[in-house]
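Because only heavy atoms are used, hydrogens play no part in the values below, and waters and symmetry mates are left out as well, while side chains stay in. Note that the structure is a prediction, hence the values are computed from the model and not measured. Below, chain A is the first sequence line, B the second, and so on; all start at residue 1.
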Amino acid sequence: MLELARIRKEKETIIERLKLRNFDGKELIENILVLDGNWRESKQELEKIAAESNQLAKSIGSLFKEGKQDEANKAKARAGELKELEKNAKEAMNAYAEKLQAALYEVPNVPNPSVPAGNSDEDNEVLSNSGTIPTKLDFWQPHWELAKKYDIIDFEVGVKVTGAGFPFYKGQGARLQRALINFFLDQARDNGYTEIIPPFVVNEASGIGTGQLPDKEGQMYHATIDDLYLIPTAEIPLTNMYRNELVKSTDLPIKLTGYTPCFRREAGSYGSDVRGLNRLHQFDKVELVRIEHPDNSYAVLDEMVKYVQDILTKLELPYRTLRLCGGDLGFTSALTFDLEVYSAAQDKWLEVSSVSNFETFQANRLKLRFKDENNNKQLVHTLNGSALALPRILAALLENNQTEEGIKIPAALVPYTGFDIIKN
RNA sequence: GGAUAGUUGGCAGAGUGGUCGAAUGCGGUAGUCUUGAAAACUAUUGUACCGCAAGGUACCGGGGGUUCGAAUCCCUCACUGUCCGCCA
């Protein structure tokens, strides 16, 4: 959510920059400013009535004490009138406040000026390519065939037990999965992140805090009996740890990492994109969250991208780095870099990480502030990034490392798996 | 799941219808004293919003109600403690 004060101050810039994401915000922003004016006006009106009412109530007390019954009763009559006025004024103010809030929720984050214009993922800017794309050999198979061949992932039994998109990992597949989680967490720890194991379900306030609610309600599994949501990413519990907090500037930066399963309904997804491990309803992910001083957040964003690149290099996977265009940019993000690995047998780039700077957009909803050098309260900047999402890494590892003997495990992972090849 | 007691400012803790934004203690900040520190003493010290300002409004777990007036009375929800039951 954008800060109202900022909208008042930078109306034109905001409208202009929102165009980068093909968002015509002119009408909405104008409307917000009108509602803001109405709200303030009605608030002043209400407060005026409340002030008189408060004063009157006090005087009634003293009048009774002094035994001036008549005057007291007269004042009571006036108080009754005021009460009616106050009720109406309050309703008017609340109506404006509600409309204002709803309108503010509709405004996406203002893109960073470096965000390229564009409509879809086709317009994302490829910043770099790293690693060597392997040559596809005749016997190479996509990962869902390999999963069957080596009996390491069972999609069918997942359908029986739960439904499509909930695979079972078995034997070496399960161990490889666990090895990746540990590898990622160890890497994060070596880089100064504190490991967290958060709850996998969150309440509504947390969903609102990080921006999944109210917009993307349909993307999350909702346990309605208890009104809790299954997390689609560890970003929600990790960032919400600091909801409504005022941290000291010396507490910054806050660097958190956490492994969680992620649950996504993925309503509306279809086609070859959802084949095998490409898109699941439940998947594992290690997430990084940073809470930063506003002056540092863009340097930190670059640092996080480098960090993810470094892990991909260690896994010996060919990858490319993209700067998301305005049309593909998430609602809450000001700037996002995606990292995609090349999965050879499918001949596809698979997104395995998304690293974003939200600036104050989440912090404003979270009411997450810090005391700056001058003891003023300021909103922090929040960032997060996947490091990494497991299934597509697994897909690429399986597809790219096929040999006649079996699937080779990259050297960096062998200490974690305890084996260097997957074979029958 | 049943019973019961709670939820007040950074913390502890008073406050059962009016002068309570809230005693008191601790803590914090500033000062006096001191070579310095501690102790002692003095003063000060909640948050948010509206307003150019003066000032005003709201907030005693959340929401609603009674009343001219609610931290205080009523309803409701959430959370916490304790006991019982169940349980990894």
Please report, rounded to the nearest Å, how far the P atom of B:A78 is from the CG atom of A:Asp226. 10 Å

C1'-based separation of B:C59 from B:A22 [nearest Å]: 12 Å

Considering only NZ, NE, NH1 and NH2 on the basic side and carboxylate oxygens on the acidic side, decide whether A:Arg290 and A:Glu303 come within less than 4.0 Å. yes

Indicate whether any N or O donor in one side chain lies under 3.5 Å from an N or O acceptor in the other, for A:Gln187 and A:Lys314. yes

Is it true that A:Lys48 and A:Glu45 have a side-chain N and a carboxylate O under 4.0 angstrom from each other? no

Separation of B:C49 atom C1' from A:Leu46 atom CG, nearest Å, is 12 Å

Quickly work out the A:Glu47 CD to B:U57 P distance and round it to whole Å. 8 Å

One thing to verify: whether A:Glu86 and A:Lys90 come together as a salt bridge, which I'm taking to mean a side-chain N less than 4.0 angstrom from a carboxylate O. no

Taken to the nearest whole Å, CD/A:Gln44 to C1'/B:C52 is 12 Å

Given atom NZ of A:Lys43 and atom C1' of B:G55, what is their separation to the nearest angstrom? 14 Å

Lys/Arg N to Asp/Glu carboxylate O, A:Asp24 vs A:Lys19, below 4.0 Å: no

Can you list, by residue number, the residues of residues 78-91 of chain A that have a non-hydrogen atom closer than 4.0 angstrom to RNA chain B? A:Ala79, A:Lys83

Say you pick atom C1' in B:G61 and the same atom in B:G9; how far apart are they, in whole Å? 14 Å

Carboxylate-amine/guanidinium proximity below 4.0 Å for A:Glu245 and A:Arg369: no

Given the P atoms of B:G6 and B:U72, what is the spacing between them in whole Å? 15 Å

With heavy-atom distances below 4.5 Å as the criterion, would you say the side chains of A:Met304 and A:Leu383 are in contact? yes

Does A:Asn54 make a side-chain N or O approach to OP1 or OP2 of B:G56 shorter than 4.0 Å? no

Please give, in whole Å, the distance from B:C77 C1' to A:Asn203 CG? 15 Å

Determine: side-chain N/O of A:Lys377 to OP1/OP2 of B:A48, distance under 4.0 Å, yes or no. yes

By nearest heavy atom, map A:Arg369 and A:Lys48 onto RNA chain B; which one lands nearer the 5' end? A:Arg369

According to the ring-ring contact (aromatic ring centres under 6.0 Å, His included) rule, which pairs have a member within residues 200-223 of chain A, sequence neighbours left out? A:His222-A:Tyr229

Answer with base, sugar-phosphate or nothing: what part of the nucleic acid does A:Ile60 contact at a heavy-atom distance below 4.0 Å? base

Could you tell me whether A:Arg189 and A:Glu195 have a side-chain N and a carboxylate O separated by less than 4.0 Å? no

When the P atoms of B:A12 and B:G17 are considered, how many whole Å apart are they? 26 Å

Let me know the distance between CD1 of A:Ile225 and C1' of B:A78, rounded to the nearest Å. 18 Å

Distance, C1' atom - from B:G55 to B:A38, rounded to whole angstrom: 44 Å

In which stems does RNA chain B show up, taking only runs of three or more Watson-Crick or G-U wobble pairs whose two distances fall under 3.5 Å? B:1-7 with B:78-84, B:10-12 with B:24-26, B:27-32 with B:40-45, B:46-50 with B:55-59, B:61-65 with B:73-77

Base, sugar-phosphate alone, or nothing: which one does A:Ala51 contact when heavy atoms must sit under 4.0 Å apart? sugar-phosphate

Ring centres under 6.0 angstrom apart (A:His281, A:Phe263): no

The residue, A:Ala50 or A:Trp39, whose nearest nucleotide of RNA chain B is more 5′ is A:Trp39

Rounding to an integer number of Å, can you tell me how far A:Asn94 CG sits from B:A58 P? 13 Å

